[in-house]
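One structure is given below, encoded as structure tokens.
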Amino acid sequence: MGQIEKQAGVRFFQPRRLGHVNLFVSSYERAAEFYQDIVGLEEVYRQPDNRASFVSNGNTYHDLGLTDVSSHYAQKNQQPGLNHIAFEVENEVDLVKGYNQAVGAGVKFMSTQDHDVAHSLYKLDPEGNAVEVYADVVEDWRTARHGVFEKVKPEWIPGVTNEPLSERLYPNNPPIHVVPSSVFRARRVTHAGFVADDYENLYDYYTELIGLTPYVGDRDSEYCVLRGTVSTEGLSLFRRPAGTPQGMHHVGIEVKDESELDRALKKMSEQGIALEREISHPARRTICILDPDGIRLQFYVNRQWDPSQLKGIDLQEALYLL
């Protein structure tokens with residue numbers, strides 16, 4: 001973190017959970033097919049003007065955003081990979097309060113956005129990963145976000161454009177949609193794994209500024225799992241092993257049970273989908289594959305998912321397990 005941010009000593013936000021992960025992809029049309037047919041998330045809306053597709057199973061207004069590298073949101077010579085990760089807070093009042101406290105402490109945000117169904121703040125973490133903190137402002141997101149649409153987003157100034165909403169408008173026990181024919185049948189995107197060049201600095205950023213709390217590990221560990229207030233994961237951080245690139249290592253996707261993983265392995269074999277790695281551990285079982293752009297997806301089922309089972313894991317195994 002910057003010196004002003006570090007001196008602030010305030011947890012500005014208290015995220016509930018990881019809300020979504022947005023990716024840059026080489027072809028958003030191809031990615032939309034892959035994430036429906038292979039991953040098992042439905043395309044819930046598409047924005048041709050942004051060259052983007054958004055997929056979900058109902059868990060939230062999108063679990064994954066798939067933005068083309070040729071989109072106007074992409075930087076020049078953008079490569080496939082992380083666009084941003086997003087953390088959901090309780091309501092807009094909390095979002096605006098945290099924003100005002102952060103700005104008062106000298107924190108600089110990249111932008112604030114009105115997404116119709118959510119109001120959002122954007123910032124880069126110390127290693128250049130884009131992070132969104134947002135609050136839902138519409139209870140039934142499907143009425144506002146469905147099908148194909150294009151819309152110019154209005155300006156949103158936190159606490160000025162509108163009176164912040166105190167209602168908790170995030171999905172509460174939503175019906176989960178399944179793509180029956182897909183290889184995996186994703187239940188939700190739950191976390192991302194980041195490999196850190198400066199582990200301590202990234203740990204401080206996500207615990208002190210974003211407001212996540214450790215579920216396992218700490219500032220001195222080889223790895224840690226950081227959680228929101230209603231989750232047991234949200235972001236896994238790893239010290240960078242030699243030869244491992246810095247940045248996002250994987251997106252974590254939960255499935256219903258181990259029979260779903262067995263089913264997926266069989267269908268992968270039938271369709272010629274390569275298995276990168278499978279780990280069977282007392283805490284969790286995982287299957288890792290690469291999407292068409294080489295983005296790593298970790299499908300998993302928890303077993304005994306508690307801190308006592310997650311200590312002392314070899315770092316190379318932890319990279320594919322947590």
Side-chain angles (χ1 to χ4, degrees), residues 1-22 59-62 65 82-115 117-138 156-172 189-192 194 196 200-215 217-219 224-237 248:
M1 289 189 291
Q3 195 60 33
I4 293 176
E5 295 168 0
K6 203 163 187 177
Q7 288 175 347
V10 176
R11 293 181 63 197
F12 302 112
F13 305 102
Q14 288 188 294
R16 300 183 69 251
R17 60 172 181 167
L18 180 83
H20 58 262
V21 177
N22 281 22
N59 175 59
T60 183
Y61 71 101
H62 65 276
L82 179 67
N83 180 338
H84 66 266
I85 58 173
F87 294 101
E88 172 192 273
V89 298
E90 284 286 335
N91 54 35
E92 191 183 11
V93 168
D94 288 356
L95 183 72
V96 171
K97 178 182 178 181
Y99 172 81
N100 287 333
Q101 288 179 334
V103 170
V107 176
K108 305 293 185 184
F109 290 86
M110 288 195 304
S111 66
T112 62
Q113 297 284 331
D114 183 335
H115 294 305
V117 294
H119 289 163
S120 303
L121 316 172
Y122 291 87
K123 195 178 187 312
L124 294 179
D125 77 13
E127 299 197 355
N129 305 299
V131 184
E132 174 188 359
V133 183
Y134 76 93
D136 288 307
V137 294
V138 171
W156 178 64
I157 302 173
V160 175
T161 304
N162 63 285
E163 183 70 25
L165 299 173
S166 60
E167 294 85 357
R168 295 174 172 86
L169 298 173
Y170 47 78
N172 188 18
V189 172
T190 59
H191 64 281
F194 282 5
E200 289 84 0
N201 201 21
L202 222 54
Y203 180 92
D204 290 346
Y205 179 87
Y206 283 101
T207 57
E208 295 178 11
L209 196 151
I210 300 300
L212 300 175
T213 58
Y215 184 67
D218 55 32
R219 197 175 188 271
C224 67
V225 175
L226 304 179
R227 61 182 289 182
T229 59
V230 300
S231 62
T232 57
E233 63 240 315
L235 184 67
S236 300
L237 296 181
M248 188 180 74

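Computed over heavy atoms, backbone and side chain alike; hydrogens, waters and symmetry mates excluded.
- Using modelled atom types, one finds a donor on one side chain and an acceptor on the other under 3.5 Å when comparing Asn162 with Glu92.
- Smallest separation of non-hydrogen atoms from Val137 and Ala118: CG2-N, 3.7 Å.
- With 3.5 Å as the limit, one finds a donor-acceptor pair spanning the side chains of Ser120 and Glu132.
- Proximity of Leu202 to Pro126: side-chain heavy atoms (C-beta onward) are separated by under 4.5 Å at one or more points.
- When all heavy atoms are compared, the tightest approach of Pro158 to Leu121 is CG-CD2, 4.0 Å.
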Would you tabulate the side-chain donor-acceptor contacts of residues 165-172 under 3.5 Å, counting partners in other chains and residues two or more places apart, or write 'none'?
from	atom 1	to	atom 2	distance (Å)
Arg168	NE	Glu90	OE1	2.7
Tyr170	OH	Glu90	OE1	3.1

Check the pair Asp218, Tyr203 against side chain to side chain contact (heavy atoms under 4.5 Å, CB included), reporting the backbone distance first and the verdict last. CA-CA 8 Å; Asp218 55 32; Tyr203 180 92; 4.2 Å; yes
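- A 4.5 Å side-chain heavy-atom check between Thr213 and Leu226 finds every atom pair outside the cut-off.
- The two atoms that bring Leu237 and Leu235 nearest to each other are CD2-CD2, 3.7 Å, heavy atoms only.
- Here the closest heavy-atom approach between residue Val96 and residue Pro164 is recorded as CG2-CG, 3.9 Å.
- For the residue pair Asn59 / Arg17, a side-chain donor-acceptor distance below 3.5 Å is found, with atom types taken as modelled.
- Using a 4.5 Å heavy-atom cutoff, the side chains of Ile210 and Lys123 are not in contact.
- The environment of Gln14 atom CD is sparse: at most 12 non-hydrogen atoms of other residues, nucleotides or ligands sit within 6.0 angstrom.
- Of all heavy-atom pairs between Ile85 and Tyr206, the closest is CD1-OH, 4.1 Å.
- A donor-acceptor pair is defined here as one N or O able to donate and one able to accept, closer than 3.5 Å; such a pair exists between the side chain of Asn22 and the backbone of Gly65.
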Please walk me through it: do Asp136 and His119 pass side chain to side chain donor-acceptor pair (under 3.5 Å)? CA-CA 7 Å; Asp136 288 307; His119 289 163; over 6 Å; no
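- The nearest pair of heavy atoms linking Leu95 to Ala135 is CD2-N, 3.9 Å.
- Residues Leu18 and Ser231 form no side-chain contact, since every pair of their non-hydrogen atoms from C-beta on lies 4.5 Å or further apart.
- Checked options His115, His84, His20; the residue passing with Tyr134 is His20 (criterion: ring pair (Phe, Tyr, Trp, His ring centres under 6.0 Å)).
- Taking CG of Leu124 as the start and CZ of Phe109 as the end, the distance is 11.5 Å to the nearest 0.5 Å.
- You'll find the side chain of Tyr122 stays beyond 4.5 Å of the side chain of Thr112, heavy atoms only.
- Contact of the Phe12 side chain with the Val133 side chain is not registered, since no non-hydrogen atoms from C-beta on lie closer than 4.5 Å.
- Note that CG of Leu212 and OG1 of Thr229 are 10.0 Å apart. Values are rounded to the nearest 0.5 Å.
- The existence of a salt bridge linking Glu233 and Arg227 is excluded, since no basic side-chain nitrogen approaches an acidic carboxylate oxygen closer than 4.0 Å.
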